[in-house]
Novice: 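Below you will find the structure I want to go over with you.
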Amino acid sequence: MIAAPLPANEPARLSALHRTQLLDTPLEERFERITRLACRLLHVPVAAVSLVDHARQWFKSIQGFSVSETPRKLSFCAHAILGDETMVIPNALLDARFADNPLVVGANPVIFYAGHPLKGPDGARVGALCAIDHKPRTFTGDELQTLRDLAALAETELNATTLADRQSELLIALAAERRRALIDPLTRLWNRDGIMEILSRAHARALRERNRLGVLMAEIDCFKRLNDT
């Protein structure tokens, strides 16, 4: 058995994982729904949303196994988070990294594994959505795309708490009158001043935490016509 090496950004990665505030929290339907869909659409007995912590992989949701965590040194997902692409192991018994892994040679063995990495708000890979079978198999191109699509949904849910907390911080920090002044009354979206306030705070936070900051701009075509209507 070959344990996965630590990612080069391990301290920052763990910090991003802990900021999600999901470790050791109760089961949530928003994640259970995704792993149930993974089992049904990919025809596998086991699917999980796995978060790779310092010495363990912890399952925010898992179908087909009755465990909540396993040691990180046994984790397939610890290998999956080393890259951006989906990791597929058609037959773990033929893979030197896993052939003598207790999860492979024990009861209900992990023989087939496919895992797509999940990223936190700053882009660090904090876990994986994985599909597992007890026998050797492969995935078609469509099945791989389904796994990636489900992983994108899991990633959105993974980051929802962190993003909501950041907006909550801003709302708490601003008085009610000030908030009203920063919201466009027609669209109920942040206006220019509101966006600049958010960017200023996000930039300061990124500097403090030594994270990168990205901005996405979207435009609505012919908005004046819609507004006039």
Side-chain angles (χ1 to χ4, degrees), residues 1-5 7 13 17 20 22 27-53 56-120 123-160:
M1 185 184 77
I2 302 173
R13 191 195 69 79
L17 170 61
T20 67
L22 288 175
L27 293 175
E28 295 183 64
E29 178 59 22
R30 59 194 178 119
F31 291 104
E32 294 286 285
R33 185 181 303 118
I34 292 170
T35 51
R36 285 198 304 267
L37 280 171
C39 287
R40 189 180 313 134
L41 296 175
L42 299 172
H43 308 290
V44 293
V46 181
V49 173
S50 170
L51 301 177
V52 182
D53 200 5
R56 60 175 177 159
Q57 69 170 354
W58 183 80
F59 301 112
K60 178 59 182 171
S61 174
I62 186 166
Q63 308 292 330
F65 276 148
S66 58
V67 296
S68 60
E69 63 181 66
T70 63
R72 181 172 177 172
K73 64 182 179 181
L74 305 181
S75 169
F76 283 62
C77 294
H79 290 266
I81 65 170
L82 297 177
D84 288 324
E85 301 303 317
T86 307
M87 186 179 85
V88 180
I89 309 297
N91 187 345
L93 291 169
L94 303 180
D95 192 306
R97 294 170 295 176
F98 308 109
D100 59 347
N101 187 312
L103 298 177
V104 174
V105 298
N108 297 317
V110 177
I111 302 299
F112 169 83
Y113 171 94
H116 191 81
L118 303 175
K119 296 180 180 179
R125 294 182 289 270
V126 297
L129 174 67
C130 60
I132 293 168
D133 208 333
H134 304 310
K135 61 182 185 295
R137 61 177 291 182
T138 57
F139 266 179
T140 65
D142 284 345
E143 288 172 324
L144 285 173
Q145 186 58 57
T146 296
L147 180 63
R148 288 192 289 265
D149 289 343
L150 291 172
L153 295 177
E155 195 170 277
T156 297
E157 296 297 343
L158 191 76
N159 296 318

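Keep in mind it's a predicted model, so treat the numbers as computed, not measured. The residues of the chain are indexed from 1 along the displayed sequence.
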Novice: If I compare all heavy atoms of Ser68 with all of Trp58, which pair ends up nearest, and what's the gap?
Specialist: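 Distance-wise, the nearest heavy atoms are O-CD1, 3.3 Å.
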Novice: Specify the closest pair of heavy atoms between Cys130 and Cys77, including all atoms of both residues, with the distance to one decimal.
Specialist: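 Distance-wise, the nearest heavy atoms are SG-SG, 3.9 Å.
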Novice: How far does OG of Ser75 sit from CG of Leu51, to the nearest 0.5 angstrom?
Specialist: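 The OG atom of Ser75 sits 10.5 Å away from the CG atom of Leu51.
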Novice: Which heavy atom in Ile81 sits nearest to a heavy atom in Gly127, and how many Å separate them?
Specialist: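 Looks like CG2-O, 3.4 Å.
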Novice: Where do Thr35 and Ile62 land on the side-chain contact (heavy atoms from CB on, under 4.5 Å) test, with the steps shown first?
Specialist: CA-CA 7 Å; Thr35 51; Ile62 186 166; over 6 Å; no
Novice: Minimum heavy-atom separation for Pro102 and Met1, please, with both atom names.
Specialist: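 Where Pro102 meets Met1 most closely, the heavy atoms are CD-SD, 4.0 Å.
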Novice: Got a donor-acceptor contact below 3.5 angstrom from the Asp100 side chain to the Val105 backbone?
Specialist: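 Not confirmed, Asp100 side chain does not pair with Val105 backbone.
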Novice: Let me confirm one number: the CD1-CG distance from Ile132 to Leu42, rounded to the nearest 0.5 Å.
Specialist: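 Going from the CD1 atom of Ile132 to the CG atom of Leu42 covers 12.0 Å.
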Novice: Looking at Arg36 and Glu29, is there a salt bridge between them, counting it only when a charged N and a carboxylate O are closer than 4.0 Å?
Specialist: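 Yes, this pair counts.
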Novice: Would you please test Val52 and Arg13 for side-chain contact (heavy atoms from CB on, under 4.5 Å) and show each step?
Specialist: CA-CA 10 Å; Val52 182; Arg13 191 195 69 79; 4.0 Å; yes
Novice: Are side-chain heavy atoms of Arg125 and Asp84 found at a separation under 4.5 Å?
Specialist: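 Yes. Closest side-chain heavy atoms under 4.5 Å.
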Novice: Between Arg137 and Glu143, does any side-chain N to carboxylate O distance fall below 4.0 Å?
Specialist: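 Salt bridge flag = yes for Glu143 with Arg137.
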Novice: Which distance, rounded to the nearest 0.5 Å, do you find between the CG of Asp95 and the CD1 of Ile2?
Specialist: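 Spacing of CG (Asp95) from CD1 (Ile2) equals 8.0 Å.
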Novice: Does the side chain of Val46 come within less than 4.5 Å of Phe65's, by heavy atoms?
Specialist: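 Sidechains of Val46 and Phe65: in contact.
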Novice: Taking the side chain as every heavy atom from C-beta outward, state whether Phe76 and Asn101 have any atom pair closer than 4.5 Å.
Specialist: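 Yes, their side chains come closer than 4.5 Å.
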Novice: Identify the heavy atoms of Asn91 and Pro136 that sit nearest to each other, and give their distance.
Specialist: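 Heavy-atom minimum between the residues: ND2-CG, 3.6 Å.
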Novice: Determine whether Pro7 and Leu82 make a side-chain contact, defined as any pair of heavy atoms from C-beta on separated by less than 4.5 Å.
Specialist: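 SC-SC contact between Pro7 and Leu82 confirmed.
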Novice: Compare all side-chain heavy atoms of Gln63 with those of Val44 and state whether any distance is below 4.5 angstrom.
Specialist: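 They are not in side-chain contact.
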Novice: Supply the atom-to-atom distance Leu103 CG to Ile111 CD1, rounded to the nearest 0.5 angstrom.
Specialist: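 Rounded to the nearest 0.5 Å, the CG-CD1 separation comes out at 10.5 Å.
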Novice: Please give me the minimum heavy-atom distance between Pro117 and Gly83, naming the atom from each residue.
Specialist: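 Smallest interatomic distance, heavy atoms only, reads CG-O, 3.2 Å.
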Novice: Under 4.5 Å between any side-chain heavy atoms of Phe31 and Leu22, yes or no?
Specialist: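 Yes, side chains in contact.
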Novice: Taking it one step at a time, do Phe112 and Thr138 satisfy side-chain contact (heavy atoms from CB on, under 4.5 Å)?
Specialist: CA-CA 8 Å; Phe112 169 83; Thr138 57; 5.5 Å; no
Novice: Can you tell if the side chain of Glu69 reaches within under 4.5 Å of the side chain of Asp53, non-hydrogen atoms only?
Specialist: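 No. Closest side-chain heavy atoms not under 4.5 Å.
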Novice: Could you grab the distance from atom CG of Leu93 to atom CZ of Phe98, nearest 0.5 Å is fine?
Specialist: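 Interatomic distance, Leu93 CG to Phe98 CZ, rounded to 0.5 Å: 12.0 Å.
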Novice: Passes side-chain contact (heavy atoms from CB on, under 4.5 Å), Ser50 versus Phe59? Steps please.
Specialist: CA-CA 5 Å; Ser50 170; Phe59 301 112; 3.9 Å; yes
Novice: Identify which one of Asp149, Asp142, Leu147 satisfies the side chain to side chain contact (heavy atoms under 4.5 Å, CB included) criterion when paired with Gln145.
Specialist: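 Single pass found, and it is Asp149.
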Novice: Are the side chains of Leu129 and Leu153 in touch, meaning some heavy atoms are under 4.5 Å apart?
Specialist: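 A side-chain contact is absent here, since even the closest heavy-atom pair is not under 4.5 Å.
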Novice: How many angstroms lie between CG in Leu74 and CD in Gln57, if you round to the nearest 0.5 Å?
Specialist: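 Rounded to the nearest 0.5 Å, the CG-CD separation comes out at 8.5 Å.
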